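Okay, structure first, notes after.
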2 protein chains.
Amino acid sequence: MRLVIAKCSVDYVGRLKAHLPLAVRLLLVKADGSVLVHSDGGSYKPLNWMSPPATLRTVAASDSELEEGVLEQWVVQSTKQDDKLIINIYEHIHESTHDLGTDPGLIKDGVEADLQRLLAAQIELLGTGYTLIRREYFTAIGPVDILARDAKGATVAIELKRRGDIDGVEQLTRYLELLNRDPLLAPVRGVFAAQQIKPQARVLAEDRGIECRTLDYDAMRGVDDSASRLF
Amino acid sequence: MRLVIAKCSVDYVGRLKAHLPLAVRLLLVKADGSVLVHSDGGSYKPLNWMSPPATLRTVAASDSELEEGVLEQWVVQSTKQDDKLIINIYEHIHESTHDLGTDPGLIKDGVEADLQRLLAAQIELLGTGYTLIRREYFTAIGPVDILARDAKGATVAIELKRRGDIDGVEQLTRYLELLNRDPLLAPVRGVFAAQQIKPQARVLAEDRGIECRTLDYDAMRGVDDSASRLF
DNA sequence: TTTTAGATCTCGGAG
DNA sequence: CTCCGAGGTCTAAAA
């Protein structure tokens, strides 16, 4: 990994065009040829970047016609796509290179799969008398998150999201259409369960007879403290 | 901006939990307190991070009970949310600090908004006699990208995407259902316009009577050269 | 401030 | 390989 602090301007030409005026920035060159251009603020997304695999070619001012004041130019070319990043360096402020080795990678806990497990274990949260049929009920067009039975014995298909968006309602609608063709299951009701449900998604869901439920995952996690076993 | 190369382990606790085993990584501390943990590979997303605003507190091994071999511990706490990043440093390999100043920021060209502006100005690209009704025509379920009238005076709803996917066809279908309930507008045709249209999206669109059009952004920008004044 | 939809999305998994 | 869905999404614009 190579770290450079430099006064530079940056241009990206590829799927779109983007330009960064002259300023001091961090240029981070990774072992796979990818380059990140970071300023001293903002979140983790760089101002500009080149995805790997890529190759970095350095053009010296003495070798070529560069703009006035440019010490050197970096041409970062994506190997797979027709994407190019051009960095004009006007002043080198810092330079260092380090061997990091390969990273063992990230271990995660608490994503949608865990929330699905929690709701399956506390299925009565959706209503008294609810019982679980199964999680990940497979259909021809994909798995239904949770299939359950309500107090009256009717089948209920549950789509689970962290944030309930229109896309999720569409997804559940497709499942319901399919499930309701199965005489052993029909009639199947739909429940759209999420931490937050967007107004537009709620309108669409209720227009289609799909029940909307907001879930308090923190409370659910508190009931089932096996979620904290990992750490 | 502070750059540290260190052998470290990292734990994030917040909306989820995530753990990084011991390895050599780049730790990037920005002026707003945000921290990025990068390895020497992958794309621009850090292995782990803390979003700004945040505060970094350093705990020395002499001041506290840290695990065996830990020289110091960084506790990065989000100011706004209950998110915490804990970095245990086992070995300092590099350290440097730089003053970057504020960045003038990125100038973009070629995103969906540009495409929409260009197509609105050159609406006759869709067919002779087409006229613009308006961009961002608001409905109860969201804005239609462009509403136009064809040579015969019929209303046309246009959904614009950079990459035409099934989602975009579904979106346009919803708009068409709604618009066709309005007797002042009905009948409304649909046009799905994108730089590229995925085969599955094209099949679905045409099955629903929606016309597909691919757009040449470069050519459209060439006609309206106000877009090129930026560079 | 909150909401909404795009993104050079990135990233991982399934087929 | 492509396609699809999730994300500690991030980001900017609009209400």
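All figures in this text were calculated on a predicted structure; none of them were measured in a lab. Lettering follows sequence order; numbering is per chain, from 1.
To the nearest angstrom, P of dT2(C) lies 11 Å from CD of Gln196(A). When rounded to the nearest whole Å, the span between CZ of Arg15(B) and P of dA6(D) equals 18 Å. Here the P atom of nucleotide dT10(C) and the NZ atom of Lys108(A) are 15 Å apart, to the nearest Å. Whole-Å rounding puts the Tyr175(A) OH to dG5(D) P distance at 7 Å. To the nearest angstrom, P of dC11(C) lies 10 Å from CG of Asp32(A). A straight line from CZ of Arg202(B) to P of dC3(D) spans 14 Å, rounded to a whole angstrom. One atom, CZ of Arg163(B), and another, C1' of dA5(C), lie 15 Å apart when rounded to the nearest Å. Look at CD on Gln116(B): it is 11 Å from P on dA14(D), rounded to the nearest Å.
At a cut-off of 3.5 Å, with distance as the only test, no side-chain donor of His19(A) or Lys108(B) sits close to an acceptor on the other residue. Looking at Thr173(B) and Arg208(B), their side chains do bring a donor and an acceptor atom within 3.5 Å of each other. At a cut-off of 3.5 Å, with distance as the only test, a side-chain donor of Gln171(A) or Lys161(A) sits close to an acceptor on the other residue. Side-chain atoms of Glu136(B) and Gln116(B) include a donor-acceptor pair closer than 3.5 Å.
When the side-chain nitrogen and oxygen atoms of Trp49(A) are compared with OP1 and OP2 of dT10(C), one or more of them lie within a distance under 4.0 Å. Distances shown here put every side-chain N or O of Ser51(B) at or beyond 4.0 Å from the OP1 or OP2 atom of dG8(D). Between Arg174(A) and dG5(D) there is a side-chain polar atom (N or O) within less than 4.0 angstrom of OP1 or OP2. OP1 or OP2 of dA7(C) has at least one side-chain nitrogen or oxygen of Arg162(B) nearer than 4.0 Å. Phosphate contact (OP1/OP2 of dG8(D), side-chain N/O of Lys45(B), threshold under 4.0 Å): present.
Base engagement by Met50(B) is indicated by at least one non-hydrogen atom pair under 4.0 Å involving a base atom.
Using a 5.5 Å limit on the distance between ring centres and a 30° limit on the angle between planes, the aromatic ring of Tyr12(A) counts as stacked on the six-membered base ring of dT8(C). Tyr44(A) does not qualify as a stacking partner of the dC10(D) base, lacking a centre-to-centre distance under 5.5 Å together with planes within 30°.
With a 4.5 Å cut-off on side-chain heavy atoms, Ile166(B) and Lys198(B) do not count as touching.
Projected onto DNA chain D by closest heavy-atom contact, Lys80(A) and Lys161(A) fall at different nucleotides, the more 5' of which corresponds to Lys80(A). Where Leu16(A) and Pro46(B) meet DNA chain C, the nucleotide closest to each residue was compared, and Leu16(A) sits on the side nearer the 5' end.
Of the candidates dA5(C), dT10(C), dG8(D), dA5(C) carries the atom nearest the Pro143(B) side chain, counting heavy atoms from C-beta on.
With both ends at atom P, the span from dG8(D) to dC4(D) equals 22 Å, rounded to whole Å. For dC9(C) and dA5(C), the C1' atoms lie 13 Å apart once the distance is rounded to whole Å.
Shown here for Leu22(A) and Pro104(B), the closest heavy-atom pair between the two residues is O-CG, 4.2 Å.
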